[in-house]
Structures are given as C-alpha cells and as structure tokens.
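Notes for the one structure printed next.
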2 protein chains.
Amino acid sequence: MLQLTKRTEYGLIALLHLANSEGRVVPVREIGERFPLPKRVLAESLKDLGRAGIVESQRGAAGGYWLARGAGQITLGEVISALEGAPTLTSCQDLGASNARGQCEVQPVCPIRSPLTRLRQGIWALLEGTTLRSLANPSLTPADLLAAAGSPLSSPLGDQPAA
Amino acid sequence: MLQLTKRTEYGLIALLHLANSEGRVVPVREIGERFPLPKRVLAESLKDLGRAGIVESQRGAAGGYWLARGAGQITLGEVISALEGAPTLTSCQDLGASNARGQCEVQPVCPIRSPLTRLRQGIWALLEGTTLRSLANPSLTPADLLAAAGSPLSSPLGDQPAA
DNA sequence: GGCAATTGGCACCAAATGGGTGCTAATTGG
DNA sequence: CCAATTAGCACCCATTTGGTGCCAATTGCC
Ligand code: SF4
Ligand code: SF4
C-alpha cells in the first residue's frame, strides 16, 4: 500500500511540535496532551527517532526530547526511513537487509524492475527535498515541491539534506 | 508502507506484455509462460484491470485480454488505483469510500494533514505523468520524470473512473 | 537517601492487510 | 459436446501494523 504508517504520522507530528519548541526539552507527556494520540505509541516513535539520530533525549525527571538538528536539516525521507524503513516501491529493491531472504523469481526477466527503480528515485527526490521546515510552510504548492526536488536531485537516499 | 503490492507488480508486467502484443488477443496462460509468477494471482490482477476499464477481454476458447487504450494513454496512477486503491499517504485522506468508518481523532488539530496532502499531490503528479509507454522507455531519468510530471500537473486524480 | 518523572528495551497480543488457492459458473471457438 | 478461457466469490495462512504490559535505568528535587 502506498501509505505511511501511523507510527510515522505520530513521529512527524511530534517532530513538528519539537520544531516549534526549539531550545526546550519536551517530554512525551506534553505532546500527548496537545494531540489526542496514544502516548505509548508516540513514545515508541520518539525512541526510534532517537536511535536514528534525528532527535536527542535526556532521561530523568526533567528529561525529554529535542531535535538533534535544525528543522531545515531534517528531511522527510530520513524520518520515514527511521520509522518504517526506506520507501522501496517494489519488494526486490530493498537491498537494505532483507535481500537475502529469497529473491523474487521474476527478477531475471522482470520488465518493470528497472523502470520502477527510476520512479522510486523520483519519489525519493521528493521526500529528500522536503524538510521539516518546508513541511510546515503552507505556501509551497506541489509544483514547488516538484521543482525544488528536481533541481538538486541529490544522492538516492543515504545522504543529508540538500537544503 | 511505501511499497506496491505484488498484485500491482504482476498487473504492470502483464500490461507491458500486452503493450508489446498490440493487435492480438493474449490469454493469461501466455503471460504465465513468459514470466514465472503465480498464474492465478495474475488472473486476479487482469480481472481487476478489466473492471477498471484499462483492459478489455474476450471469453471463450480463443479469448484473452488486450489494452483498452494505447500504451501512451494509460497512466501508472490509474493502474495503481485499480489494483490497490489510490495512494493516500495518510489514512485520513482517503475520501474514496472508507472515510465514514471512524475519523482520525487528531484531525481537527493535526499539523501534518494539509502538508502531506500537498506531498501526496506531488506523488500523484509523478504517477499520473508516467504512462505505460514512458515506463517502458529506459532513457528517461528520474529528473526527466520529475520535469515531465511538473509541467502538466494535471488534476489531482479523481476525474478517472476510479470505481 | 528516597521519590517521582522520565526515557529505554523487550515481549506480547489483536486486528488489518497481503499473497495465494479452491471451486464453480459463464462464454465461445472448433 | 468439448476444451479453453474469463468471471466471481469465498477462503486460508503469513506478514504487517497498531497498540499494550512490564520493568529497568536515569535524573532532578525534596
Ligand atoms: S523482480 Fe519484478 S516482480 Fe520481482 S519484486 Fe522486483 S519488480 Fe517485483
Ligand atoms: S488527521 Fe493527521 S494523524 Fe490523523 S490520519 Fe490524518 S494525517 Fe494522520
């Protein structure tokens, strides 16, 4: 399915809240109070984001989370990769870790593998070209996104922001 | 997950084969002989594509399938919509049929709903800008796809049969 | 020190989704 | 009539997803 998971949505909401609270240490409880979503799952998302180096955290009584970088340095692609794995479009094009668990039988003669890889790179360009900051900017149109993603056309994921 | 279903992949493979066999009536058996994929599932995909008006069919002994239109008139977005539903990115932005089954509690205060809708339109533009013909053209780069999708920027889906 | 608030880690469960199969009817050329 | 083919629908099983339980570790504050 071409749809984000709830964990990713929750993580994005949390990140935007952190972006609006720069300079502070924000506990999960606070985010849960502002948005009616299951606090525990939200905590799971933040933990994953922490492991991925997108947020940093502080334990203890006055602990919480904050963005590890500026909101303009965190891309959507990075967040999605951390929370639900990088978008793959096809199941064969994973090459992350689970490519050894039995390859697709069609692969040697598959006519769509290569074309869909190109398409996936287009989507990646979109996701890598969108940062938390540009996400929060409501003036950008889809056409702007396409144009912005089209110009740098950076590395096919794995690299840092181009903005 | 941001990944196509197997049914969609099989359907696309079948469609490309049909595109290479224009003027003929192709039975499912023939496609199954050329590509090592479960014939039954392939048949399911073709049936769905038939219901969506993307392919036409003929029953009986010399029956089979053929493209309802030219390969340049069939878009990826249309195929995906027929085989696994239109890409939604978020679960709330479905508005197809299952929007009455309990809305998301966060929606009234959700900070990512509108931004992700813009993003989704960008992805849709990519998918609607890619036809079977351009899919089969290996010379197009991701940048070309983005550029091609950016210029027409047609309707955000919805003017298609989709039912 | 002790307590409460907080993150970290792991296992687990229930529902939804996805991949695939069985079976049978309807159509049609020979 | 027969064989090949599409059409329809129900069903099963594995994986994924959304969500919870439980407890350990850390840390500010009294
Ligand atoms: S080889 Fe082709 S059919 Fe197999 S997973 Fe890749 S794209 Fe899909
Ligand atoms: S309202 Fe927000 S949290 Fe709810 S489904 Fe839509 S995007 Fe996700």
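A note on names: the letters A, B, ... follow the listed sequences, proteins ahead of strands, and every chain is numbered from 1. Note: hydrogens, waters and symmetry copies are ignored here, and every other heavy atom, side chains too, is used.
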Between [N] and [X], is there an OP1 or OP2 to side-chain N/O distance shorter than 4.0 Å?
X: B/Ser57; N: D/dA7; value: yes
X: B/Tyr10; N: C/dG20; value: yes
X: A/Arg7; N: D/dG19; value: no
X: B/Arg40; N: C/dG19; value: no
X: A/Arg29; N: C/dT6; value: yes

Approximate separation, where rounding is to 0.5 Å, of A/Arg118 CZ and A/Leu89 CG:
12.0 Å
Measuring from atom OG of B/Ser114 to atom CG of B/Leu119, what distance do you get when rounded to the nearest 0.5 angstrom?
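If I round to the nearest 0.5 Å, the distance is 11.0 Å.
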Contact class for A/Gly64 (heavy atom, under 4.0 Å): base, sugar-phosphate, or nothing?
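Sugar-phosphate contact only - A/Gly64 comes under 4.0 Å of backbone atoms but never of a base.
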What N/O pairs connect the protein and nucleotides 28-30 of chain D at under 3.5 Å? Give each pair on its own line.
none

So do the side chains of B/Tyr65 and B/Glu30 get within less than 4.5 Å of each other, counting heavy atoms only?
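Sidechains of B/Glu30 and B/Tyr65: no contact.
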Between the side chains of A/Thr5 and A/Thr8, does any donor sit under 3.5 Å from an acceptor?
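Note: A/Thr5 and A/Thr8 side chains meet the donor-acceptor criterion.
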Charged N to carboxylate O below 4.0 Å: is that the case for A/Glu44 and A/Lys6?
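Result for this pair is no, no salt bridge flagged.
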Inter-end axis angle, the helix from C/dG1-D/dC30 to C/dG30-D/dC1, with every axis fitted to five base pairs (rounded, 10 degrees):
10°
Between the base of D/dG8 and the side chain of B/Lys47, is there a donor and acceptor pair under 3.5 angstrom?
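It does, because a donor-acceptor pair links the side chain of B/Lys47 to the base of D/dG8 below 3.5 Å.
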